[in-house]
Amino acid sequence: MHAIRRTEHDAARLRSRLTALSAASCLVAGALVFAGPANATTTSGLLDVTCTAPSSEATSYNPPLTLTPTDVTFSSTIHYGPCISLSRPDVTSGSRSLQVLTPQRTCLTLLETADSNFAITWNTGEISTISGMRTASVVGAVLAVTVTGTVTSGPFSGDSVIQTSVGPATDILACTLGLGTVSNIYSAVTLEITAL
C-alpha cells in the first residue's frame, strides 16, 4: 500500500516538474526563434529567402503517440511568413501541408533522424520541392527539429535549405516516461534558403 502511494506521489511530483518545464520551454523557444539558426552568421552563400516569426508548424497524431508502436495518421501544416527575398521580392509567404499514415510510431520515433522531402507552395502559386534530412533533439524542455537539404525543383532550385522548428517538449518527455501521450505539437519556424 505504501509502495502504491509512493508511486502516485512520485508521478505527481514529476507532473509538477514537467508543468514548470513547459512554461520555461516557451521562453526558450521564443529566444531561439528570435535568435535564428545558429549557423546563420556563418553562411557563405547569398541568402535567397528568409522566413521568420510568426512562421509556425502545427502537427497532430491520431491516435496520440504512446510508448507502444501503433499505426498513426500524421498531419502537419506549416505557414511561412513573413518571408523576404532580394532575388524574388514577390515571394512574401508560403505554406505546406501533409497528411499520411505512418506505421508503428511511438513518441520515441519523434527523435529519430529521417529523410524529409516536401514541397512549399509560395504566395505566387509556384512550388519549390525540397529534399533533405531531419534531425531532432530535446534540450531542457524544448524540442528542436532541423531540416537541412536542397531545393530540387521550382523557385530557388539548387539552393541549400535550413529549416528550424522549436516548441515545448513537455508531452514528449512525459510520454517517454510512460506518463502521457503526444497528440499535438506546435512549433515556431524559421526558414533560410541560400544560393551556394
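Counting from 1, the numbers follow the sequence of the chain as shown. This is a predicted model, so every value here is computed, not measured.
- Between P155 and I127, the closest heavy-atom pair is CD-O, 3.4 Å.
- Of the possible polar contacts, one joining the T66 side chain to the T68 backbone as a donor-acceptor pair under 3.5 Å is found.
- Counting only distance, with no hydrogens or angles, the side chain of S60 and the backbone of N184 share no donor-acceptor pair below 3.5 Å.
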Quiz item: Checking side chain to side chain contact (heavy atoms under 4.5 Å, CB included) for the pair T146/R134: CA distance, chi angles, key distance, verdict?
Solution: CA-CA 6 Å; T146 301; R134 173 192 183 276; over 6 Å; no
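- Taken from CZ in R96 to OG in S76, the straight-line distance is 5.0 Å, to the nearest 0.5 Å.
- Residues Y61 and S183 fail the side-chain proximity criterion, which asks for heavy atoms closer than 4.5 Å.
- Residues I185 and S187 are in side-chain contact: their nearest non-hydrogen atoms beyond the backbone lie under 4.5 Å apart.
- With hydrogens and angles ignored, the 3.5 Å screen pairs a side-chain donor or acceptor of T106 with a backbone N or O of L108.
- You'll find the side chain of L173 reaches within 4.5 Å of the side chain of V138, heavy atoms only.
- Distance check: S131 OG to D115 CG gives 7.0 Å after rounding to the nearest 0.5 Å.
- Nearest heavy-atom pair across C107 and T176 is SG-N, 3.8 Å.
- Interatomic distance, C83 SG to I120 CD1, rounded to the nearest 0.5 Å: 8.0 Å.
- Looking at R105, its side chain never comes within 3.5 Å of a backbone N or O of T73 through a donor-acceptor pair.
- Checked by atom type and distance alone, the side chain of T102 pairs as donor or acceptor with a backbone atom of V72 at under 3.5 Å.
- For the pair S116 (side chain) and V147 (backbone), a donor-acceptor distance under 3.5 Å is absent.
- Contact between E192 and L47 at its shortest, heavy atoms only, is CB-CD1, 3.9 Å.
- Rounding to the nearest 0.5 Å gives a distance of 6.0 Å between CD1 of I172 and CG of L111.
- No single ILVMFWY cluster, assembled from side-chain heavy atoms under 4.5 Å apart, contains both L65 and L101.
- The two residues G81 and C51 have their closest heavy-atom pair at N-CB, 4.3 Å.
- Of the possible polar contacts, none joining the N123 side chain to the G94 backbone as a donor-acceptor pair under 3.5 Å is found.
- Contact of the T124 side chain with the R88 side chain is registered, since non-hydrogen atoms from C-beta on lie closer than 4.5 Å.
- In this structure, OG1 in T50 is found 11.0 Å from CG in D48, a value given to the nearest 0.5 Å.
- In this structure, L110 is a member of the same hydrophobic cluster as L98, with clusters built from ILVMFWY side-chain heavy atoms closer than 4.5 Å.
- At least one side-chain heavy atom of T113 sits less than 4.5 Å from a side-chain heavy atom of M133.
- The side-chain heavy atoms of P64 and C175, taken from C-beta on, include no pair separated by under 4.5 Å.
- The aromatic rings of Y80 and W122 lie tilted to each other, with the angle between the two planes from 30° to 60°.
- For T152 (side chain) and T129 (main-chain N/O), a donor-acceptor pair under 3.5 Å exists by modelled atom type.
- When all heavy atoms of P103 and D71 are compared, the closest pair comes out as CA-OD1, 3.2 Å.
- Smallest separation of non-hydrogen atoms from P82 and A53: CD-O, 3.3 Å.
- The number of heavy atoms from other shown groups lying within 6.0 Å of CG (L86) does not exceed 12.
- Atom-to-atom distance recorded for D90:CG and E126:CD is 6.5 Å, nearest 0.5 angstrom.
- Annotation: side chain of F118 is not in contact with side chain of I78 (no heavy-atom distance under 4.5 Å).
- Grouping the Ile, Leu, Val, Met, Phe, Trp and Tyr side chains by contacts below 4.5 angstrom, directly or via other members, places L143 with F74.
- Contact check for I193 versus V151: side-chain heavy atoms found under the 4.5 Å cut-off.
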